[in-house]
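The structure appears below as structure tokens.
The structure displayed is predicted, hence computed values, not measured ones.
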Amino acid sequence: MSAGVNGESGLVLRIDGAGPITAEATAAVTDLCDRADDHEGPGLVEVHVSGAPGAAWPDGLAVGLVGKWERALRRLERLDRVTVAVASGDCGGTALDALLATDFRVAAPGTRLLVPPVGGAAWPGMALYRLAHQAGPARIRRAVLLGAPIEAAEAHAMSLLDELAADPAAALAELAAAARGIPGGEPAVRRRLVSDALTTPFEEALGAHLAACDRALRRRTEGTP
């Protein structure tokens with residue numbers, strides 16, 4: 001797992017899903033989030049993912065470390081900046097975890113999403129939670145219970161992947177151009193409003209939406225970037 005400096009914003013992380021959950025992997029995600037919070041210019045957060053773990057993947061893994069990894073991913077999921085995953089090949093383990101925590105997912109042809117098995121059953125990490133929330137329990141049943149790979153076209157149909165692109169760099173450039181004018185503070189707000197809409201009654205949600213509308217109107221009136 002490594003951080004990079006390429007891309008419009010320099011906010012780039014590469015994750016090899018063949019590797020285990022480690023303190024170093026968790027620190028790399030946390031470092032990316034720190035840099036994203038400190039970065040003042042425009043630009044996407046890019047997470048390039050590939051690789052899937054082998055049979056020995058969970059050996060030596062402790063629950064405490066899993067908890068730290070999941071909290072780092074939750075921070076990535078809530079960043080106040082648009083996040084994009086670029087996937088290629090088989091993606092499982094940490095690669096699948098990170099992909100599911102991003103806003104948009106671009107995949108090369110031939111990409112497959114894999115839920116890694118542990119002791120004959122699917123690894124019960126928060127990837128299962130995100131898969132169920134994002135695609136629906138019925139659509140992921142074969143992957144979770146039988147270990148069936150989710151092929152790229154199927155994942156795209158489930159909206160687990162947003163775009164299948166032979167040229168991921170071009171797709172990234174289009175997303176970066178679209179996201180360049182989004183004001184600071186707004187990605188996290190919009191993400192939360194959409195998420196809360198699934199479980200919050202209208203009357204309770206109204207106040208948060210009105211507050212967001214008020215900020216947008218004041219920004220327009222004051223000409224705040």
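Screening Thr94, Thr26, Asp97 against Trp69 for a side-chain hydrogen bond (donor to acceptor under 3.5 Å, both in side chains) leaves a single residue, Asp97.
To the nearest 0.5 Å, atoms OG1 (Thr111) and NE2 (His156) are separated by 12.0 Å. Between Leu172 atom CG and Glu174 atom CD the span is 10.0 Å, to the nearest 0.5 Å.
Hydrophobic clustering places Leu113 together with Val118 (ILVMFWY residues linked when any side-chain heavy atoms are closer than 4.5 Å, directly or through intermediates). Taking hydrophobic clusters as Ile, Leu, Val, Met, Phe, Trp and Tyr residues chained together by side-chain heavy-atom distances below 4.5 Å, Leu65 shares a cluster with Val29. Residues Leu79 and Leu193 do not share a hydrophobic cluster, defined by chaining ILVMFWY side chains whose heavy atoms lie under 4.5 Å apart. Side-chain heavy atoms closer than 4.5 Å link hydrophobic residues (I, L, V, M, F, W, Y) into clusters, and following such links, possibly through other members, connects Met158 to Val49. Leu114 and Leu128 are not part of a single hydrophobic cluster, where members link through side-chain heavy atoms under 4.5 Å apart.
For the pair Arg105 and Glu163, the salt-bridge criterion is not met [side-chain N within less than 4.0 Å of a carboxylate O]. Between Asp196 and Arg191 there is no salt bridge, since no side-chain nitrogen of the basic residue lies less than 4.0 Å from a carboxylate oxygen of the acidic one.
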Could you give me the CA-CA distance, side-chain angles and deciding distance for Leu175 and Val106, then say whether side-chain contact (heavy atoms from CB on, under 4.5 Å) is met?
CA-CA 10 Å; Leu175 283 169; Val106 177; 4.0 Å; yes
Determine, stepwise, if the pair Arg215 / Val189 fulfils side-chain contact (heavy atoms from CB on, under 4.5 Å).
CA-CA 11 Å; Arg215 283 194 303 275; Val189 172; 3.3 Å; yes
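You'll find the side chain of Val45 stays beyond 4.5 Å of the side chain of Val84, heavy atoms only. His133 has its side chain out of reach of Leu100: every pair of non-hydrogen atoms, C-beta onward, lies at least 4.5 Å apart. When side chains are defined from C-beta on, Val47 counts as touching Leu32, because their heavy atoms get closer than 4.5 Å. Using a 4.5 Å heavy-atom threshold, the side chains of Arg190 and Val194 count as separate. Under the 4.5 Å side-chain criterion, counting only non-hydrogen atoms from C-beta, Ile150 is not in contact with Arg112. Within the 4.5 Å cutoff, side-chain heavy atoms of Leu61 are placed close to those of Val66. Between Arg81 and His39, some side-chain heavy-atom pair lies under the 4.5 Å cut-off.
Scanning all heavy atoms of the two residues, the minimum distance from Ser50 to Ser88 falls at CB-O, 3.1 Å. Residues Ala52 and Cys91 share a closest heavy-atom pair of CB-C, 4.4 Å. Closest approach of Pro53 and Gly93 over heavy atoms only: CD-N, 3.6 Å.
Residue Arg142 qualifies as open at atom CZ: its count of foreign heavy atoms under 6.0 Å is 12 or below. For CZ of Arg78, the number of neighbouring non-hydrogen atoms (other residues, nucleotides, ligands) closer than 6.0 Å is 12 at most.
Side-chain N or O atoms of Asp103 include one that pairs as donor or acceptor with a backbone N or O of Thr83 at under 3.5 Å.
Side-chain polar atoms of His48 and Glu46 form a donor-acceptor pair below 3.5 angstrom.
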